[in-house]
Amino acid sequence: MIAKPKGTYDLIDIDAKIYQYIVDVINEYMTYYNYEFVRTPIFEDSSLFHRSVGEASDIVTKETYDFTDRGGRNITLRPEGTAGVVRSLIENKLYGNRNDTLKYYYLGTMYRYERPQAGRYRELTQFGVEVFNSNDPLIDAEVISLGYNLLKELGIENFTVHLNSLGDEETRTNYIKALKEYLKPYLNDLCEDCRTRYEKNPLRILDCKVDKDSQVFQNMPNILDYLSDDAKLRLEKLKSLLTMLEVDYEIDSKLVRGIDYYDYHVWEYISDDSGLALGAGGRYNSLVKTLDGPDMPAIGFGIGIDRLIGEIKKNLEDRPMPHNVDVYIMCVNEEEKIYGETLAQSLRLNRVITEINSNNLSLKSQFKVADNLNAKQLIILNSEDLQKGLVNIKDNATKEEVKIDENEVIDYLISNI
Ligand code: HAM
């Protein structure tokens, strides 16, 4: 009998049912949040991962499945999904002349030559989202809350969002310098891996599982003390938005990621029971440019479906799959945007397909985006009305406008879409 390869498993019986349930919920959520599905190849040119995930990362140095094909090309089975989506964005010029936010999601198998153990496989399935062309902390909050809401929807309650900021390049240069100076006298006390990281990838030392409880680690400099003014401001904005969206999070200044492309915010959804990351993500504003694309900010996360299967014991539910956007929220200033994002979340959680301007578009462009989305109702926020507790709603077909008490907005929209 031929057995399956080490680190793989067959998706059968109840696991298969749960998998399908997860996929249904993901597809439904992606409709409400207005993300487009994308599929990229399972194998890519090896250099794609060297240039994105990072030459010195554990994934590239120890975990990729590499081979030479019959035509002599260097090929790698994808260890993660972001690099392929970015390659596709650039190669297909998906960014075109667009000034709105581009939102993609994918679902598929990835391959990592890891030591198999509970929740760690060599063939893993990830659901991921990648959002391009918005550098607004509003979208950071939306992306983090999307993963958070999705896990809750799937019945997973025992997890915590760990959040950190790796700042910009200036932040990291200053921090790495301080970290190396601090660690220099203790080099011989560090584990072997950390001694290598000290030279090649010092930030990864923060992630060491061997030395994490030692005195040297406890007193290490804190990256949050090195954030540039811009990075500090972004983190503060994000924190208040997450609070508005009712996302429980904790700041974890030791959180660094095993992938090199991140800057600013990084986060993980960590299971309180197993301590495993159910998902993880971050901002990566330089990657599109590094891979020869335009200078375009981006953010995303990946969730390990295999890990979710173990956590879920729920029945499948039938859900409708609508196609277009029910409501488009128009906003211009900061107050309107924050109000709008909270309202968007409430509508989405009430099964109303909702989109919001997250790109500082002019009102004129927002009307166009709403039309492209076939929005049935427009919420045109303005600070003056909001101060009176009123929300302005326009029927996009009849063009009739009404001002509704803010407590009645959701009921009004549900009965008018
Ligand atoms: P990652 O942290 O390497 O990030 O993986 C994301 C998630 O995939 C993990 O949190 C975990 O749930 C799951 N996962 C990773 N390795 C394994 C494994 N060997 N077995 C089972 N599950 C696993 C990324 O891959 C980034 N591409 C995420 C991202 C998207 N960042 C920005 N956009």
Side-chain angles (χ1 to χ4, degrees), residues 5-9 11 15 19 22 35 38 40 44 48-49 52-54 57-60 62-65 77-89 102-132 139-140 143-144 146-148 150-151 154 156 159-164 166 204 207 255-271 273-288 291 297-312:
K6 199 173 165 189
T8 66
Y9 69 97
L11 188 62
D15 284 1
Y19 174 84
I22 295 171
Y35 281 66
V38 60
T40 62
E44 297 267 7
L48 175 65
F49 303 112
S52 53
V53 173
S57 64
D58 282 356
I59 294 182
V60 164
K62 304 184 198 155
E63 295 170 6
T64 48
Y65 280 86
L77 298 187
R78 63 182 181 193
E80 59 98 53
T82 309
V85 174
V86 173
R87 189 226 10 92
S88 171
L89 173 95
L102 285 77
K103 312 201 302 191
Y104 297 103
Y105 80 101
Y106 52 88
L107 191 91
T109 50
M110 317 282 157
Y111 299 83
R112 296 185 188 182
Y113 193 80
E114 294 202 74
R115 206 154 51 86
Q117 47 189 285
R120 179 157 298 147
Y121 304 98
R122 290 184 174 173
E123 180 182 66
L124 55 128
T125 308
Q126 272 186 3
F127 152 64
V129 307
E130 311 296 350
V131 176
F132 300 98
I139 209 77
D140 299 44
V143 171
I144 295 172
L146 155 60
Y148 178 87
L150 179 73
L151 292 173
L154 290 168
I156 299 169
F159 71 93
T160 309
V161 179
H162 285 234
L163 174 68
N164 194 17
L166 303 178
R204 289 292 290 164
D207 203 26
L255 176 70
V256 283
R257 307 269 300 114
I259 299 177
D260 282 359
Y261 47 62
Y262 294 111
D263 48 22
Y264 296 104
H265 307 130
V266 290
W267 71 95
E268 292 188 345
Y269 306 98
I270 298 188
S271 160
D273 304 328
S274 64
L276 281 175
L278 302 175
R283 197 164 255 294
Y284 51 97
N285 284 354
S286 314
L287 182 60
V288 181
L291 293 178
I299 184 168
F301 66 72
I303 284 186
I305 302 288
D306 316 276
R307 292 186 181 175
L308 300 191
I309 291 174
E311 306 248 344
I312 295 173

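Read the numbers this way: they start at 1 and go in the same order the structure lists the ligands and their atoms. Positions are given from 1, in the same order as the sequence printed here. Heavy atoms only: backbone and side chains are in, while hydrogens, waters and symmetry mates are out.
A donor-acceptor contact shorter than 3.5 Å links the side chain of N285 to the backbone of A298. Listed for the S88 side chain is no donor-acceptor partner under 3.5 Å among the backbone atoms of G84. S274 places no side-chain N or O within 3.5 Å of a backbone atom of S271 that could act as its donor or acceptor partner.
Using a 4.5 Å heavy-atom cutoff, the side chains of V129 and V143 are in contact. Residues Y106 and T40 form no side-chain contact, since every pair of their non-hydrogen atoms from C-beta on lies 4.5 Å or further apart.
If you check which protein heavy atom lies closest to atom 9 (C) of ligand 1, you get A277 O, 4.0 Å. Protein heavy atom closest to atom 19 (N) of ligand 1, with residue, atom name and distance, is E114 OE2, 2.7 Å. Looking at atom 14 (N) of ligand 1, its nearest protein heavy atom turns out to be L124 CD1, 3.8 Å. What sits closest to atom 6 (C) of ligand 1 on the protein, heavy atoms only, is Q126 NE2, 3.3 Å. For atom 33 (N) of ligand 1, the closest non-hydrogen atom of the protein is E130 OE1, 2.8 Å. The protein non-hydrogen atom at the shortest distance from atom 16 (N) of ligand 1 is R112 NH1, 3.3 Å. Summary of contacts: the protein heavy atom closest to atom 13 (C) of ligand 1 is G304 CA, 3.6 Å. R307 NE, 3.5 Å is the protein heavy atom nearest to atom 22 (N) of ligand 1.
With a 4.0 Å cut-off on non-hydrogen atoms, R120 touches ligand 1 through its backbone as well as its side chain. Contact annotation for Y284 and ligand 1: only side-chain heavy atoms (C-beta onward) come within less than 4.0 Å of the ligand. In I299, neither the side chain nor the backbone holds a heavy atom less than 4.0 Å from any atom of ligand 1.
Between Y284 and Y264, the ring center distance fails the sub-6.0 Å criterion. The distance between the ring centers of Y105 and Y35 does not fall below 6.0 angstrom.
Every heavy atom of G128 sits 4.0 Å or more from the atoms of ligand 1. Taking a 4.0 Å cut-off on heavy atoms, G258 fails to register as neighbouring ligand 1.
With ligand atoms numbered from 1 in the order given, ligand 1 contributes 20 (N), 21 (C), 22 (N) to contacts under 4.0 Å with heavy atoms of G119. Distances below 4.0 Å separate heavy atoms of I259 from the following atoms of ligand 1: 3 (O), 4 (O), 24 (C), 26 (C). When each atom of ligand 1 is checked for a heavy atom of E80 under 4.0 Å away, the hits are 25 (O), 26 (C), 27 (N). Annotation for ligand 1: atoms under 4.0 Å from non-hydrogen atoms of G279 are 10 (O), 12 (O). Atoms of ligand 1 found under 4.0 Å from any heavy atom of R257 (numbered from 1 in listed order, with element): 1 (P), 2 (O), 4 (O). When each atom of ligand 1 is checked for a heavy atom of Y262 under 4.0 Å away, the hits are 26 (C), 28 (C), 29 (C), 31 (N), 32 (C). Interface atoms of ligand 1 facing L278, defined by a heavy-atom separation under 4.0 Å, are 10 (O), 12 (O).
Note on R78 versus E44: no salt bridge recorded, every NZ/NE/NH1/NH2 to OD/OE distance being 4.0 Å or above.
For atom 26 (C) of ligand 1, the choice among W267, Y261, Y121 with the nearest heavy atom turns out to be Y261.
Minimum interatomic distance between V256 and R204 (heavy atoms only, all atoms of both residues): O-NH1, 4.0 Å.
With Y113 as the aromatic partner, R122 meets the cation-pi criteria of under 6.0 angstrom to the ring centre and within 45 degrees of the ring axis.
Qualifying side chain to side chain donor-acceptor pair (under 3.5 Å) partners for Y65, counting only residues two or more places apart in sequence or in other chains: none. In this structure, the side chain to side chain donor-acceptor pair (under 3.5 Å) partners of Y262, at least two apart in sequence or on a different chain, are R257.
Under the 30°/60° scheme for interplanar angles, the aromatic rings of F132 and Y104 are found to be tilted.
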